[in-house]
Amino acid sequence: MTEFAGRTAVVTGGGSGMGRELVRQLVAEACNVAMCDVSPTGLAETQRLCEAAGLPQGLRVTTHIVDVADRTQVERFRDEVADRHQTDKIHLLFNNAGISGGGSMVTNSRDEWERTFNICWGGVYNCTRAFLPMLQNAEEGHIVNTSSINGFWASVGPRIPHTAYSAAKFAVKGFTEALITDLRINAPHIKCSVVMPGQIGTSIRANTRKIHSGDRESDAIDAAGLAQARERFALLGRDVSQLSDDQLRNLVAELERRFRDEALTSAAQAATIILDGVKADRWRILVGADAHKIDEMVRQSPERAYDIAFFDEFARAAGWTERLSLENPEFRPPS
Amino acid sequence: MKEIAGRIAVVTGGGSGMGRELVRQLVAEACNVSMCDLAAEGMAETVRLCEAAGLPQGLRVTTHIADVSDFAQMERFRAEVADRHATDRIHLLFNNAGIGGGGSLIVNSCEEWERTFNVCWGSVYNGTRAFLPLLLKAEEGHIVNTSSVNGFWASIGPHLPQTAYAAAKFAVKGFTEALITDLRINAPHIKCSVVMPGHIGTSIPLNTRKVQSGNQADAMDATQLAQARARFASMGRDASTMSDDDIRQRVAERERRFREEAPTSAAEAATIILNGVKADQWRILVGPDAHKIDGLVRRSPERAYDVDFFEQLAREVGWRLPT
């Protein structure tokens, strides 16, 4: 799809991160957008940013409170889009919403594990199924599913378990790749792409904490959030036992800020790469230099992909060493 | 895990195919086995084959009816294993059960799609979640999750959609690979492996037909005939001129050839899997076709769903285009 102007796009997770930047760039190209999120304040801020940049005359930008893990809510979202955009068709579907957490089958609760899986995988599946009829009604359509480098490499390093997110992101990748054939046979006017970002400057860490704590709007770090932070620091080998709860809160907030503001690739840059990929009809969209690097390394030596030495080599080459040293200033990969 | 004798293994889908051959070879090595499947007949035949080969003295081989896509049934299965083997631990978990179907998000029903996904992904997730406490108690454990070449290549050719199976098998691969780190940190006495078979001579087409129609009989009923017609149509073939008997014959012939003309037999596959477990390999490709596809996809991922990529692959691995 080379032209977005005048089309209608649906973006999940539009209240922050890559979702917000996708919305802003789509709107700047005069594409109508319906976005959803679990956070009303996030959606309102995205809307405000679009309006501040100047909305093209007559363009519709609508916001919808939806939990993508819940099929009933997703179906309601579809009906709202049809109603508020006065249409029976959409052209672009960005299944972007995602959170992390539930990394361990052994130490995390089943509820937390399944919440992560159901948002990251269920979100993509539910929305694709719900919006497919509206894509079929369009003269041209494109489904853009956000997987991750964790869609082909099930790791964020040898010290942090990452099972729920990886299982879900692999599923998104396999699903989208299989859709290529399904659509070619059964709906050839619809294309699809799988997006595999590396580390992008988003609020995924803060969002993960909020959603698992059950309070989506509060920035305050509750007792469960503190306990999880202590666990994560322990896994990374950083001793935080001497820190008070308030000191720990400040540290977590500072790390979330730096994760977002000091990433190798910003959310806006990621959105541009994704939209360029869609315009060029590329089904396989790697986002960021770290994503390209890990793709190459895993394809070259898949058996080594979870060895500690493999990770240290990648971390050095991709600039992740810096990122890890944020969480543990003493962290140095063995040379 | 070098030594399998005297251990306790759980095998899902033990009533046919690779599951049956895993059970037979485990038993031949004097490993106690609990197997589950949807129907009693297949498992009875597996037990009969084990007994015909001679059961080592005192060895326990138990059968259990359980639907792996249902967590409550898997919890009951776990309780039965603990009870019938009088144990609080198992050493080996083979999450092997799987079916095909639900290939198209557009043509197939939502129910069929989700049945396939929930069996193929759910078997691994529910099985692991249910039996992890028994593995944690063992002095040594190994989780063996059966993915597929469709765990890294979401295709069985350019004319057949494969969305439910591929999504589930990718999930199994990612889950298992992430478990490597989780177990290394939190339960280092447990290892895991992801198994990626190519075309293996099993009854998966027949089993798919039975599960998707809710009818465990070998003969095709009206629902199955309609599903077969839809499948032929989805492959661009005109099935309207074929009689029901033509369809039955076509399907039976296809199921027979799938089982008997595969490059790798189910017994060979089971041997490769068990050798991989003994050698502590986490990444187990099964069959020359699996190795070939792995090499091709890693070399040119962008081309993996092009028609000419498949044609080259089919030539090189000796696959025949589905008929």
Side-chain angles (χ1 to χ4, degrees), chain A residues 103-108 110 113-114 117 121 124-125 128-129 132 136 147 150-187 190 235 282-284 295 298-300 302-303 305-306 308, chain B residues 103-107 110 113-114 117 121 124-125 128-129 132 136 150-187 190 234-236 281-283 294 297-299 301-302 304-305 307:
Chain A
S104 174
M105 283 288 285
V106 183
T107 62
N108 293 124
R110 182 175 164 208
W113 201 100
E114 293 182 1
F117 185 81
W121 157 247
V124 171
Y125 174 67
T128 303
R129 194 170 276 293
L132 195 54
Q136 288 180 276
S147 174
N150 295 139
F152 58 82
W153 179 57
S155 175
V156 282
R159 293 154 195 91
I160 304 278
H162 204 43
T163 59
Y165 190 81
S166 299
K169 293 298 188 178
F170 269 69
V172 171
K173 182 168 187 278
F175 176 62
T176 313
E177 296 189 12
L179 267 183
I180 295 171
T181 302
D182 192 11
L183 294 171
R184 190 163 51 204
I185 298 169
N186 294 306
I190 309 176
L235 285 169
R282 279 170 39 214
W283 68 260
R284 188 174 190 273
D295 171 53
V298 172
R299 288 195 288 114
Q300 196 172 3
E303 290 86 358
Y306 306 107
I308 291 170
Chain B
S104 173
L105 204 63
I106 298 166
V107 175
C110 182
W113 201 99
E114 293 181 2
F117 185 83
W121 160 245
V124 170
Y125 176 66
T128 304
R129 173 88 53 213
L132 194 54
L136 287 169
N150 294 144
F152 57 84
W153 180 57
S155 173
I156 42 174
H159 308 297
L160 274 179
Q162 178 83 330
T163 58
Y165 191 80
K169 293 299 190 178
F170 268 68
V172 171
K173 182 167 185 278
F175 176 62
T176 313
E177 295 189 11
L179 267 183
I180 294 171
T181 302
D182 191 11
L183 295 171
R184 190 164 50 203
I185 296 169
N186 293 307
I190 309 176
S234 80
M235 292 165 64
Q281 267 182 276
W282 68 261
R283 189 174 189 272
D294 174 52
V297 173
R298 286 199 283 124
R299 190 163 37 177
E302 289 87 359
Y305 306 106
V307 175

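Here is the naming used below: chain letters follow the sequence lines, and residue numbers restart at 1 for every chain. Quantities reported herein were computed from a predicted structural model and do not represent experimental measurements.
Between B/Gln162 and A/Thr181 there is no side-chain heavy-atom pair separated by less than 4.5 Å.
Per-residue counts of heavy-atom pairs under 4.5 Å with chain B were compared for A/Pro161, A/Ala168, A/Ser166; the largest is that of A/Pro161. If you tally non-hydrogen atom pairs under 4.5 Å between each of A/His162, A/Arg282, A/Arg184 and chain B, the highest count goes to A/Arg184. Counting heavy-atom pairs closer than 4.5 Å to chain B, the top-ranked of the candidates A/Gly151, A/Ala187, A/Ala167, A/Gly157 is A/Ala167. Between chain B and the residues A/Thr128, A/Ile160, A/Asn150, A/Leu235, the largest count of heavy-atom pairs under 4.5 Å involves A/Ile160. The greatest number of non-hydrogen atom pairs below 4.5 Å with chain B, out of A/Trp153, A/Tyr125, A/Phe152, is found for A/Tyr125.
Within the 4.5 angstrom heavy-atom criterion, only backbone atoms of A/Gln300 (N, CA, C, O) approach chain B. Contact annotation for B/Leu179: both backbone and side-chain heavy atoms come within less than 4.5 Å of a heavy atom of chain A. Both the backbone and the side chain of B/Leu105 come within contact range of chain A, judged by heavy atoms closer than 4.5 Å. Neither the backbone nor the side chain of B/Tyr165 comes within contact range of chain A, judged by heavy atoms closer than 4.5 Å. Within the 4.5 angstrom heavy-atom criterion, no atom of B/Trp153 approaches chain A. Contacts between B/Ile106 and chain A at a heavy-atom distance below 4.5 Å involve backbone atoms as well as side-chain atoms.
Taking each heavy atom of B/Pro301 and A/Trp283 in turn, the nearest pair found is O-CZ2, 3.2 Å.
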List the atom pairs, with distances to 0.1 Å, where a side-chain N or O of residues 166-176 of chain B and a protein N or O form a donor-acceptor pair under 3.5 Å, not counting sequence neighbours.
| from | atom 1 | to | atom 2 | distance (Å) |
| --- | --- | --- | --- | --- |
| B/Lys169 | NZ | B/Thr146 | O | 3.1 |
| B/Lys173 | NZ | B/Glu177 | OE2 | 2.9 |
| B/Thr176 | OG1 | B/Asn145 | ND2 | 3.0 |
| B/Thr176 | OG1 | B/Val172 | O | 2.6 |

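Between A/Tyr306 and B/Trp282, the angle of the ring planes goes over 60°, which puts this pair in the perpendicular group of the 30/60° scheme. Note on ring orientation: taking the six-membered ring where Trp is involved, the planes of A/Phe117 and A/Trp113 are parallel (angle under 30°, cut-offs 30° and 60°).
Looking at residues two or more places apart in sequence or on another chain, you find a side chain to side chain donor-acceptor pair (under 3.5 Å) between B/Asn186 and A/Ser104, B/Asp182.
Atom CZ of B/Arg299 sits about 11.0 Å away from atom CG of B/Asp294, to the nearest 0.5 Å. To the nearest 0.5 angstrom, A/Thr163 atom OG1 is 12.0 Å from B/Ile180 atom CD1.
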